[in-house]
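Each residue takes its place number in the sequence, starting with 1.
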Amino acid sequence: MDTQKLQALLKGQSKNIVIVTHKNPDGDAMGSSLGLYHILKNAGHNVHVITPNDYPSFLKWMPGEKDVWRYEWTKSRSHKTIMGADMIFCLDFNDISRIEALGAEVTASKAIKVLIDHHLTPVVDVDYTYSDDNMIATAEMIYHFAQKMDMLEFLDKDSATCIYTGILTDSGEFAFPKTSAVTHYVVSELMKKGVDNYAVYQHIYMSFAQSRLLLLGKSLSNMHIFSEQAAVCMTLTQEELDAAGFKKGDTEGFVNYGLTIKNINVSCIFIENKSEGIIKVSLRSKGNFSVNEMSRQFFNGAGHINAAGGQLPTTDMQYAVSRFKEAVEYYKDAILASNEQK
Ligand SMILES: [Mn+2]
């Protein structure tokens, strides 16, 4: 389907539209979905946002959020709505497996399907694809999509606030390399619609649970620094998690703190899960050193060049740290050569 035909559909009579996004939705998943939701609603369509599962509480203030259905809690009405949809938008994922059980529903539906995404090489079977891996966020693409569809008149403060949230979170507060002049232009246009940037910032970054800060302190004080290998690792045992009152999501992003040290190119955090009898591993790197490869080799996992996960089939934290030491020694030269500043 070409752009003109899609534009005619969206500007034509009211449609039943479903928007789906990936499992464990993040700021960009929710920001792009709800940003598009408001635009399409304002254009007169009947729109539902359906996520595979629940999302973190720091996103539960976004305009329209109260109307979002979590598929795992709303299977039968989600099923009916998806089967009755004229159009389905797939946002912020590049593979149908990323939406789990919801994927079978989307695949079975006869609706016209549209994919908008900024991950590498999407393989979702749709009628219209807007994919660009140079984009910092799918939320930014929603703005460009609205422009392409000649629907910017429907961008209001609510949709702008959601799109802004997606860009803010996926760009690491406008720090990551793919943040472009165009990104800042879009943000400027969003702010003209009345986005309260300070309020958004407070909702996202200044509303953590106490347990998160206690655990951050703990994990940092447990940090092992391997200066010669330009690497650090942090640890949290089940006992430490319990003592701080751990809640799901509390340790999100902790691993990134290791990389804030000058001349450290690899950071790792080990988090024990006693009931599963494992230690979960999270890895990050600066530059071109691949923690994906390191995780495959040493931690039974996988991921991307700069971000990977894995696990060890033990709850022995001392063993985990020694395994890390072994891994960074093995890759020492590559780690030291990573992120060489010109
Ligand atoms: Mn994204």
### Query
Hey, are Asn265 and Gln229 close enough side-chain-wise for a donor-acceptor pair under 3.5 Å?
no
### For His184, ring-ring contact (aromatic ring centres under 6.0 Å, His included) partners two or more places apart
Phe174
### Query
Would Thr51 and Leu102 satisfy side-chain contact (heavy atoms from CB on, under 4.5 Å), going step by step from the backbone distance to the final call?
CA-CA 8 Å; Thr51 60; Leu102 188 48; over 6 Å; no
### Task
For the pair His144 and Val182, evaluate side-chain contact (heavy atoms from CB on, under 4.5 Å) and give the outcome as yes or no after the intermediate values.
CA-CA 10 Å; His144 300 307; Val182 176; 3.5 Å; yes
### Query
Quick one: salt bridge (Lys or Arg N to Asp or Glu O under 4.0 Å) pairs with a partner in residues 242-268, sequence neighbours left out?
none
### Message
Are Thr21 and Ile99 packed together at the side-chain level, in the sense that at least one heavy-atom pair is separated by less than 4.5 angstrom?
### Response
no
### Task
List, by chain and then residue number, the residues other than Ile279 in its hydrophobic cluster (Ile/Leu/Val/Met/Phe/Trp/Tyr, side-chain heavy atoms under 4.5 Å); write none if there are no others.
Phe226, Val266, Phe270, Val281, Leu283, Phe289, Val291, Met294, Phe298, Phe299, Leu312, Met317, Tyr319, Val321, Phe324, Val328, Tyr330, Tyr331, Ile335
### Test ring-ring contact (aromatic ring centres under 6.0 Å, His included) applied to Phe145 - qualifying residues, sequence neighbours left out
Phe89
### Message
Would you say Asp316 and Thr314 are linked by a side-chain donor-acceptor pair, where the criterion is simply a distance under 3.5 Å?
### Response
no
### Task
Report yes or no: does His38 contribute a side-chain atom to a donor-acceptor pair with the main-chain N or O of Phe154 at less than 3.5 Å?
no
### Message
Does Tyr257, at its OH atom, have more than 12 non-hydrogen atoms belonging to other residues, nucleotides or ligands within less than 6.0 Å?
### Response
no
### Message
If you apply the rule side-chain contact (heavy atoms from CB on, under 4.5 Å), what do you find for Met223 with Cys233, and how did you get there?
### Response
CA-CA 6 Å; Met223 186 162 64; Cys233 82; over 6 Å; no
### Summary
Hits for side-chain hydrogen bond (donor to acceptor under 3.5 Å, both in side chains) against Tyr164, two or more places apart or cross-chain, chain-then-number order -> none
If you look only at distance, which donor and acceptor atoms sit under 3.5 Å apart when one is on a side chain in residues 125-133 and the other is two or more places apart or in another chain?
unit_1 : atom_1 : unit_2 : atom_2 : d
Asp127 : OD2    : Lys113 : N      : 2.7
Tyr128 : OH     : Thr3   : OG1    : 2.9
Asp132 : OD1    : Asn134 : N      : 2.9

### Query
So with a 6.0 Å cut-off around NZ of Lys60, is the heavy-atom count from everything else above 12?
yes
## Note on the structure
On a heavy-atom basis, the closest approach of Ser14 and Gly44 is OG-O, 3.0 Å
### Message
Which residues pass the side-chain hydrogen bond (donor to acceptor under 3.5 Å, both in side chains) test with Ser159, not counting sequence neighbours?
### Response
Asp156
### Message
Is it the case that the side chains of Asn16 and Asn46 hold a donor-acceptor pair, with the cut-off being a distance below 3.5 Å and no angle test?
### Response
yes
### Message
Please give me the minimum heavy-atom distance between Pro25 and Pro56, naming the atom from each residue.
### Response
O-CD, 3.4 Å
### Query
Side chains of Thr165 and Trp61: does their closest heavy-atom pair fall under 4.5 Å?
yes
### Message
Salt bridge check, Asp158 against Lys41: does any charged N sit closer than 4.0 Å to a carboxylate O?
### Response
no
### Message
Is there a path of hydrophobic side-chain contacts, each under 4.5 Å between heavy atoms of I/L/V/M/F/W/Y residues, joining Met141 to Val187?
### Response
yes
### Task
Ignoring hydrogens and angles, tell me if any N or O in the side chain of Ser267 forms a donor-acceptor pair with the backbone of Val255 under 3.5 Å.
yes
### Query
Sub-3.5 Å donor-acceptor pair from the side chain of Ser33 to the main-chain atoms of Met30, do we have one?
no
### Query
Below 4.5 Å, heavy atoms only, C-beta onward: do Val200 and Tyr198 meet side chain to side chain?
no
### Query
With a cut-off of 6.0 Å (strictly less than), are more than 12 heavy atoms of other residues, nucleotides or ligands near CD of Gln13?
no
## Note on the structure
To the nearest 0.5 Å, atom OG of Ser32 lies from atom CE of Met135 at 13.0 Å
### Task
Only pairs at least two apart or in different chains count here, so list each salt bridge (Lys or Arg N to Asp or Glu O under 4.0 Å) that has a residue in residues 98-108.
Lys23-Glu100
### Task
Report the C-alpha separation of Ile17 and His48 in whole Å, then their side-chain angles, then the decisive distance to 0.1 Å, and conclude whether the side-chain contact (heavy atoms from CB on, under 4.5 Å) test is met.
CA-CA 6 Å; Ile17 300 179; His48 286 98; over 6 Å; no
### Task
Please check if any side-chain donor atom of Thr183 sits under 3.5 Å from a side-chain acceptor atom of Thr179, or the reverse.
no
### Message
Pair Asn222, Glu240 - check side-chain hydrogen bond (donor to acceptor under 3.5 Å, both in side chains), show working.
### Response
CA-CA 11 Å; Asn222 289 347; Glu240 289 166 336; 3.2 Å; yes
### Message
What I'd like to find out is whether the side chain of Tyr71 reaches to under 4.5 Å of the side chain of Asn53, using heavy atoms alone.
### Response
no
### Query
Can you hop from Val47 to Leu6 via hydrophobic side chains spaced under 4.5 Å?
yes
### Query
Taking C-beta and beyond as the side chain, do Val106 and Ser109 meet within less than 4.5 Å on heavy atoms?
no
### Task
May I ask you to check whether Ser275 and Asn273 show a side-chain donor-acceptor distance below 3.5 Å?
yes
### Message
Could you tell me if Tyr37 and Asp67 have a donor-acceptor pair between their side chains, going purely by distance under 3.5 Å?
### Response
yes
### Query
Excluding sequence neighbours, so at least two apart, what forms side-chain hydrogen bond (donor to acceptor under 3.5 Å, both in side chains) with Glu173?
none
#### Entry: All pairs passing side-chain hydrogen bond (donor to acceptor under 3.5 Å, both in side chains) where residues 291-308 contributes a residue, at least two apart
Ser285-Asn306, Asn292-Arg296
### Message
Distance alone, cut at 3.5 Å: any donor-acceptor contact between the side chains of His118 and Asp170?
### Response
yes
### Message
Restricting to ring-ring contact (aromatic ring centres under 6.0 Å, His included), what partner residues turn up for Tyr201, sequence neighbours left out?
### Response
Tyr205
### Query
Does any pair with a residue in residues 9-18 pass salt bridge (Lys or Arg N to Asp or Glu O under 4.0 Å), and if so which ones, sequence neighbours excluded?
Lys11-Asp150
### Query
Do any N or O atoms from the side chain of Lys286 and from the backbone of Leu259 form a donor-acceptor pair under 3.5 angstrom?
yes
### Task
Write down the atom of Pro313, the atom of Ile278, and the distance for their closest heavy-atom approach.
CA-CG2, 4.3 Å
### Task
Please answer: with hydrophobic residues joined when any side-chain heavy atoms are less than 4.5 Å apart, are Trp69 and Val20 in the same cluster?
yes
### Task
Return yes when atom NZ of Lys325 has more than 12 non-hydrogen atoms of other residues, nucleotides or ligands closer than 6.0 Å, and no otherwise.
no
#### Entry: Heavy-atom closest pair, residues Ala111 and Ala85
CB-O, 3.3 Å
### Task
Please answer: with hydrophobic residues joined when any side-chain heavy atoms are less than 4.5 Å apart, are Val68 and Ile204 in the same cluster?
yes
### Query
Met62 and Gly31: which non-hydrogen atoms are nearest, and at how many Å?
CE-CA, 3.6 Å
### Task
Check the hydrophobic clustering (I, L, V, M, F, W, Y; side-chain heavy atoms under 4.5 Å; chains of links allowed) and say if Leu91 and Val186 are grouped together.
yes
### Message
Less than 4.5 Å apart, side chain to side chain, heavy atoms only: is that true for Leu215 and Leu236?
### Response
yes
### Which atom of Gly35 lies closest to which atom of Cys162, heavy atoms considered
N-CB, 3.5 Å
### Task
Indicate yes or no: at least one non-hydrogen side-chain atom of Thr169 is less than 4.5 angstrom from one of Asp26.
no
### Query
Given side chains that start at C-beta, do those of Pro52 and Arg70 come closer than 4.5 Å, heavy atoms only?
no
